[in-house]
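See structure below.
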Amino acid sequence: MVGRAQTHRLEKGGLIDRSAPLGFRFDGKTFAGFQGDTLASALIANGVKLVGRSFKYHRPRGILTAGSEEPNALVELRNGARREPNTKATTAELYDGLEAASQNRWPSLRHDMMAVNQLFAPIFVAGFYYKTFMWPAKFWEAIYEPAIRRAAGLGRASGVADPDHYDKAWAHCDVLIAGSGPAGLAAALAAGRSGARVILCEEDFVVGGRPLADGGTIDGMPAAEWISRTLSELAALPDVRIMTRTTLFGVYDGGTHGAIERVNDHLPSPPEHQVRQRLWRIVAKRSIVAAGAIERPIVFAGNDTPGVMMASAVRSYVERYAATPARRIALFTNNEDGWRTVETALGAGLQIAAVVDARPDVSPAHRALAAKAGFPIMNGSVGGVDGGKHGVRKITVSLTGGARAEVEADGLAVSGGWNPAVGLTSYHRGRPKWQNDIAAFVPDSAPPGMVAAGAANGAFSLGACLRQGFAAGAAAAQDTGRSGKAGTAPAADDEAFSLTPLWHVAGKGKAFVDYQHDVTASDIELAQREGFESVEHLKRYTTLGMATDQGKTSNVAGLAIMAAVSGKSIPETGTTIYRPPYVPVAIGAFAGHHRDENFHATRLTPSHHWASEQGAVFVDTGLWKRAQWYPRPGEKDWLESVTREVKAVRGGVGFCDVSTLGKIDVHGPDAGAFLDRVYINTFSNLAVGKARYGLMLREDGIVYDDGTTSRLAEDHYFLTTTTAKAGLVMQHLEFCRQVLFPELDVQLTSVSDQWAQFSIAGPKTRDLLREIVDPAEDLSNEGFPFMGAREVTLRGGIKGRLFRISFSGEMAFEISVPARYGDALARNLMLAGKPLGVTPYGTEALGVMRIEKGHVAGPELNGTTTAADLGLGKMMSTKKDYIGRVMAGREALVAPDRQVVVGIKPVDKTSRLRSGAHIIPKGRTPGPDTDQGYVTSVCFSPVLDQWIGLGLVERGRERIGEIVHTHDPLRGEDYDVELCSPVFYDPDGGRQRG
Amino acid sequence: MRIVCPFCGERELGEFTYLGDAKPVRPAASASEDEVFDYVYLRDNVAGQMSEYWYHGGGCRAWLKVTRNTLTHEISAVEPAAGVGARKVGA
Ligand SMILES: [Zn+2]
């Protein structure tokens with residue numbers, strides 16, 4: 001890219017690398033800058049003043065600040081999938097080929113049609129969306145909202161997936177420091193020399209803070225030299241880490257801090273295998289907020305004209321970037337610090353048009369300087385600015401005493417004083433206190449372990465920053481047990497800071513308080529008149545401070561104006577609550593690598609790879625991937641595959657991986673007594689070598705979970721849970737064991753991942769199993785009866801566990817082997833079962849067979865059903881106490897009209913049942929008053945050759961044979977159905993016992 | 001938030017699961033429905049020091065009794081919850 005001449009670049013100076021020119025584009029035009037520039041400084045160096053249009057009124061806006069507090073200069077950075085709206089030009093580092101576009105303008109920045117919004121300004125006043133568009137209600141969605149969205153708003157998101165990676169990391173240290181200005185560096189020196197593990201976060205890409213622009217003398221040397229020496233000393237210390245491009249954005253409980261590191265935002269795209277940003281969680285024993293202060297604007301008519309800039313920002317652009325925002329600058333200040341800008345400008349060969357100082361007395365030294373440089377000092381305030389989109393041309397000054405003056409200038413530097421960055425110290429609902437001499441809020445308290453130092457603590461002189469930072473660093477190191485010598489503190493002069501508070505200059509024309517949300521002084525006055533005087537109301541009614549900059553340049557001025565119009569003091573008016581993050585943090589950074597297929601962990605069953613080879617279709621069940629069915633060539637849909645699988649099981653033999661069930665070994669002399677207390681039925685009397693179905697309640701009497709538990713030895717039970725509740729049941733049982741029943745001698749071990757478990761079902765199950773287990777094992781009905789359970793030896797000597805339990809209703813076993821043999825077992829079952837026509841089946845066929853058998857599962861154990869609702873009331877022991885026993889007896893839980901599990905089949909055999917359909921009495925109008933329950937589970941039953949289902953229906957068991965109606969307003973399907981026994985298949989259970 | 005597990009040391013919040021108030025004690029088997037109702041449902045809404053159950057599921061699987069100030073989140077004590085919810089501790 002070939003850029004035009006940098007018309008506003010100084011010949012020399014600045015922390016830019018003139019040997020590294022960079023080309024960039026803004027709104028399609030080509031420009032040039034240097035390594036070390038921000039987008040803002042490069043635009044200024046090219047004489048660009050207009051960079052955006054404002055949120056509501058589409059006012060032309062320029063660059064106000066030189067830091068992360070910038071409210072105006074927001075751009076869309078990059079293109080395509082990487083397009084990032086609302087990027088602050090003041091913090092975006094320039095790189096070769098950077099492309100940026102202004103926001104909020106159509107068709108172009110210079111000719112913005114939406115600027116007519118200014119003509120309709122009366123409808124955009126404070127609270128406009130609460131009153132202007134309230135009536136008629138339906139107009140809001142159809143007309144008002146789309147119109148406002150087109151007219152107002154910030155940048156456009158890319159609309160496509162973010163192509164970059166984000167990382168998350170932890171760090172631990174003794175002392176964490178926010179900010180690398182004099183206070184932060186002094187703190188790092190003291191803490192580091194004392195032997196503390198130190199992390200210092202600096203959001204800028206250069207270390208040093210304000211002295212980068214304002215210079216100064218530290219320990220008798222220029223500040224730049226001191227900074228460089230200090231960095232060398234810190235680098236030599238064993239455990240001091242300085243992280244640039246890293247903003248500490250929040251503090252949380254227990255010394256946990258949040259920081260965002262912009263690892264590769266300064267490049268067009270991250271290098272291969274690198275992340276764009278990294279979210280840090282930093283655990284620190286002590287933290288020091290040396291985040292500095294933010295210079296605040298003064299509110300006056302036309303204060304948003306491009307070319308009006310914070311005085312400190314003018315110095316930053318001139319000194320640090322050798323870029324001149326204007327050639328003839330006026331200064332409007334109410335404090336001593338603003339005058340630095342005069343010295344900077346004159347030093348750079350720029351003209352000073354005038355200094356408007358709100359303070360009555362100006363020092364003789366300043367007067368002498370004015371006389372020498374030939375500019376007037378005016379006691380008064382700026383009342384208006386002429387310029388518009390071309391930038392400042394003329395300034396109107398209201399002189400003390402009432403006269404007016406006009407000043408020709410192409411730039412206006414403004415300083416209304418400084419606000420300490422009180423965000424971090426206030427994030428635990430701390431309220432900062434008012435400090436009169438600097439007319440600003442300073443930290444009054446801070447989260448445990450945190451202190452503020454330097455300008456962030458209201459100490460604005462270089463000497464005080466160094467002293468406070470050093471003392472805080474030394475104390476923090478001491479507190480963490482680091483007792484090395486901190487040595488002597490760096491020293492500098494304490495320059496005077498005198499300020500006369502001035503917040504708002506009354507006058508005609510829009511005077512902006514919150515630039516980003518277009519909140520004016522008159523909006524605040526209106527809010528006060530309408531009764532929104534509390535600062536929290538003021539904030540929400542006017543949206544003051546609610547933009548992406550969170551009011552860093554506007555909140556205090558807004559409070560001050562509210563205080564003035566309501567006749568209160570600023571401390572009486574108070575502040576709103578401060579909340580993290582200090583700067584916007586991309587959602588992508590919080591997500592880190594947890595997106596797409598890595599959104600959560602994925603658990604694979606032991607036979608997963610084998611099942612993949614078989615072409616299985618998988619379904620997500622919690623974290624698990626389970627084989628849902630195994631399609632075969634020529635099958636036209638899932639139903640055909642599933643029906644084949646069911647028929648193969650019922651007519652021959654099939655197997656299914658059920659390893660996802662939770663598995664818990666229960667050991668100890670009191671294992672049986674323990675299970676008696678957590679299940680509604682009794683397990684202490686279960687014979688060794690037998691299994692039993694068990695049901696658990698919550699303490700409130702509702703069913704919690706079910707499963708089969710086997711007794712493998714006198715003091716050893718093996719308990720299974722549902723897939724969904726595996727972790728929760730373990731947690732619940734540990735609670736019972738540790739907290740409720742500590743007197744029981746019992747231990748629990750989760751073995752869910754240790755055992756691969758397969759269900760083998762169908763009349764030919766034994767034929768298949770005999771090929772798998774050692775021939776010495778007796779699998780006959782006598783040797784291994786229904787509900788038998790014991791350890792067995794497999795062919796090859798592997799020890800496994802065998803359970804004669806059936807979910808399908810067929811002759812069935814479940815076999816467990818150590819998980820590492822699961823894959824081999826699946827392959828061997830296929831191999832050995834080939835002559836038998838063995839068929840692997842998935843969770844769909846499993847579900848079909850359980851519905852045919854009327855077994856309840858997740859849809860029926862839905863957190864509202866009792867044991868009796870499920871038809872399992874008889875299992876509730878009356879001879880012992882157990883979790884949930886008393887509450888299960890409550891009146892409503894035993895009421896006769898409860899919805900209970902019942903079978904459902906369509907009267908017209910060709911109708912398809914749908915889960916979720918409502919049950920209503922035949923001939924009644926569907927509605928809440930006639931609703932008697934719903935269909936919980938459905939399947940196509942290959943055995944009955946029709947759709948069948950289970951449902952929860954009011955008094956369902958008493959109504960077997962009744963014809964009712966299913967009503968499905970979502971799918972528009974209504975059928976007559978018959979309530980029937982939930983057991984559709986082999987009701988006397990002969991097949992599973994055979 | 002960070003919790004110092006008596007078995008594992010200081011660990012991050014994500015390893016723990018919160019249950020709730022550790023004050024209620026499970027009533028005896030002979031207790032009335034009202035007593036059990038209180039135990040299951042009635043909780044103090046404490047502004048200040050509260051003892052709570054936390055489960056170290058991401059670590060040692062111990063249930064812990066954590067004394068925490070609900071206003072500041074400050075944790076002043078962590079101990080094993082063994083027997084805390086039982087009528088008689090360590091019978
Ligand atoms: Zn632990």
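Just so it is clear: chains get the letters A, B, ... in the order the sequence lines come, proteins before strands, and each one is counted from 1.
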Query raised in the report: Can you find a heavy atom in the side chain of B:Gln49 that is under 4.5 Å from one in the side chain of B:Ser76?
Result: yes

Report task. Please examine the side chains of A:Leu733 and A:Ile664, heavy atoms only from C-beta on, and report whether any two atoms are closer than 4.5 Å. Result -> yes

Contact part of [X] toward chain A, heavy-atom cut-off under 4.5 Å: side chain, backbone, both or neither?
| X | answer |
| --- | --- |
| B:Glu12 | side chain |
| B:Tyr55 | side chain |
| B:Glu10 | side chain |
| B:Val40 | side chain |
| B:Ile75 | neither |
| B:Ala62 | both |
| B:Thr17 | side chain |

Does any backbone or side-chain atom of [X] lie under 4.5 Å from a heavy atom of chain B? Answer side chain, backbone, both or neither.
| X | value |
| --- | --- |
| A:His172 | side chain |
| A:Arg890 | both |
| A:Phe735 | both |
| A:Ile883 | both |

Report summary line: Partner of A:Asp174 under salt bridge (charged side-chain N to carboxylate O under 4.0 Å, His left out), picked from A:Lys285, A:Arg197, A:Arg286, is A:Lys285

Can a donor-acceptor pair be found between the side chains of [X] and [Y] at a distance below 3.5 Å?
| X | Y | value |
| --- | --- | --- |
| B:Trp63 | A:Glu734 | no |
| A:Asp869 | A:Thr866 | yes |
| A:Thr682 | A:Asp676 | no |

Report task. Considering only heavy atoms and a distance below 4.5 Å, find which of A:Asp700, A:Leu748, A:Thr256, A:Leu744 pairs most often with chain B. Result -> A:Asp700

**Report entry** Whether over 12 other heavy atoms sit under 6.0 Å from A:Asn685 CG
**Finding:** yes

Query - Ring-ring centroid check B:Phe16 B:His56, cutoff 6.0 Å - result: yes

